[in-house]
Protein chains: 2
Amino acid sequence: MSAKTREFTHPETARLEMTDVLFALSDPIRLELVRRLAADGPLEVAECQPRSGPIPKSTLSHHVKTLREAGVIRNEPQGRRRSLSLRREDLESRFPGLLDAVL
Amino acid sequence: MSAKTREFTHPETARLEMTDVLFALSDPIRLELVRRLAADGPLEVAECQPRSGPIPKSTLSHHVKTLREAGVIRNEPQGRRRSLSLRREDLESRFPGLLDAVL
DNA sequence: GTTATGGTTCCAGTATCCTCGAACCATGAG
DNA sequence: CTCATGGTTCGAGGATACTGGAACCATAAC
């Protein structure tokens with residue numbers, strides 16, 4: 001019940017940079033991850049393995065971090081696991097149409 | 001009058017990769033260049049200097065090349081100069097809405 | 001408490017990219 | 001032809017990103 005689990009920092013919607021978002025989406029693994037989040041809703045990190053084959057969890061964690069820091073996804077602790085979700089509304093309000101064009 | 005000037009290779013519309021396009025657009029200098037092309041129409045390379053301050057022409061040429069190889073812009077010889085233009089229709093047909101969302 | 005698990009962090013190695021000067025190239029002007 | 005110009009290409013240095021193993025951390029289960 002103690003909340004020792006670190007809450008990650010997420011950039012505010014108003015401060016999202018288009019170049020950062022585009023860069024985060026320009027990697028095949030990350031783009032696939034985002035598309036799956038868009039289709040299947042919130043997922044745990046372990047469920048985000050690319051179809052092309054499993055990658056080490058440290059690598060996956062790195063890509064998740066890149067997407068989070070760019071403001072594309074949210075990473076929230078949920079018990080022992082973590083819930084990844086797409087920041088749909090935030091992205092839509094800041095960069096209208098961008099996410100739809102990418103998905 | 002001889003056409004010794006090299007024609008650059010431009011990727012076919014059908015073969016444009018979304019990750020390549022997103023990556024090409026994820027650099028501030030290149031994004032600004034694309035936006036100017038969208039607003040002002042075809043430009044020469046020398047006219048594409050960023051407002052933040054002039055950069056060496058070799059650097060600028062490198063960014064132009066990145067955009068061309070990703071299929072974002074066209075680079076055609078025009079006399080002694082070169083004409084840069086946005087591949088609007090190609091991008092629109094391959095990735096509908098993407099360019100509009102970025103501009 | 002002990003253990004197993006989902007996930008992050010640290011670190012090093014490799015690869016890729018950005019930058020920029022220098023050399024080069026083709027064209028148009030004189 | 002000679003020269004100036006717009007632009008590319010080459011090469012090297014530095015910065016940044018991707019990958020992956022190992023250590024670590026907090027939680028849930030036992």
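As a basis for the values below, the full set of heavy atoms in this structure was taken, side chains included, without hydrogen atoms, waters or symmetry mates. By convention in this document, chain letters (A, B, ...) are assigned in the order of the sequence lines, proteins followed by strands, and residues within each chain are numbered from 1.
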Practice problem: State, yes or no, whether a side-chain contact exists between B:Leu37 and B:Pro42 at a heavy-atom distance under 4.5 Å. | Solution: no

Exercise. Evaluate the side-chain proximity of A:Thr19 to B:Asp27: yes if any heavy-atom separation is below 4.5 Å, no if none is.
Key: no

Quiz item: Given atom CD of B:Gln78 and atom C1' of C:dG28, what is their separation to the nearest angstrom?
Solution: 14 Å

Quiz item: Do you reckon B:Val21 sits in the same ILVMFWY cluster as B:Phe23, going by side-chain contacts under 4.5 Å, direct or chained?
Solution: no

Practice problem: Answer whether the closest heavy-atom distance between the side chains of B:Arg51 and B:Glu32 falls below 4.5 Å. | Solution: yes

Exercise. Could you verify whether a donor N or O on one side chain and an acceptor N or O on the other, from A:His10 and A:Arg74, lie under 3.5 Å apart?
Key: no

Quiz item: Taking CD from B:Gln49 and P from C:dT19, how many angstroms apart are they, rounded to a whole number?
Solution: 12 Å

Self-check item: Axis bend over the full length of the helix from C:dG1-D:dC30 to C:dG30-D:dC1, computed from five pairs that close each end, to 10 degrees
Solution: 30°

Quiz item: Do A:Arg68 and A:Thr9 have side chains that get closer than 4.5 Å, going by heavy atoms?
Solution: yes

Quiz prompt | Integer-rounded Å distance: C:dT16 P and B:Asp20 CG | solution = 13 Å

Quiz item: Do B:Pro11 and B:Arg87 come within less than 4.5 Å of each other through their side chains, counting heavy atoms only?
Solution: yes

Quiz item: Nearest heavy-atom pair of B:Ile55 and B:Gln49: which atoms, and what distance?
Solution: N-OE1, 2.8 Å

Quiz item: Side-chain contact, heavy-atom cut-off 4.5 Å: A:Leu84 with A:Leu67?
Solution: no

Quiz item: Does OP1 or OP2 of D:dT19 have a side-chain N or O of A:His63 closer than 4.0 Å?
Solution: yes

Quiz prompt | A:Glu76 CD - D:dA26 C1' separation (whole Å) | solution = 17 Å

Self-check item: Contacting residues from residues 24-38 of chain B, given that a heavy atom lies under 4.0 angstrom of DNA chain D
Solution: none

Quiz item: Does a side-chain heavy-atom distance below 4.5 Å link B:Thr13 with B:Ser93?
Solution: yes

Please produce a list of atom pairs where a protein N or O lies less than 3.5 Å from an N or O of nucleotides 5-9 of chain D.
from  : atom 1 : to      : atom 2 : distance (Å)
D:dG7 : OP1    : B:Val45 : N      : 3.0
D:dG7 : OP2    : B:Ala46 : N      : 2.8
D:dG7 : N7     : B:Lys57 : NZ     : 2.5
D:dG7 : O6     : B:Lys57 : NZ     : 2.9
D:dT8 : OP1    : B:Asn75 : ND2    : 2.8
D:dT8 : OP2    : B:Ser61 : OG     : 2.8
D:dT8 : O5'    : B:Ser61 : OG     : 3.3
D:dT9 : OP1    : B:Arg6  : NH2    : 3.2

Exercise. Could you check A:Thr59 against A:His63 for side-chain contact (heavy atoms from CB on, under 4.5 Å), going step by step and ending with a plain yes or no?
Key: CA-CA 7 Å; A:Thr59 302; A:His63 287 301; 3.9 Å; yes

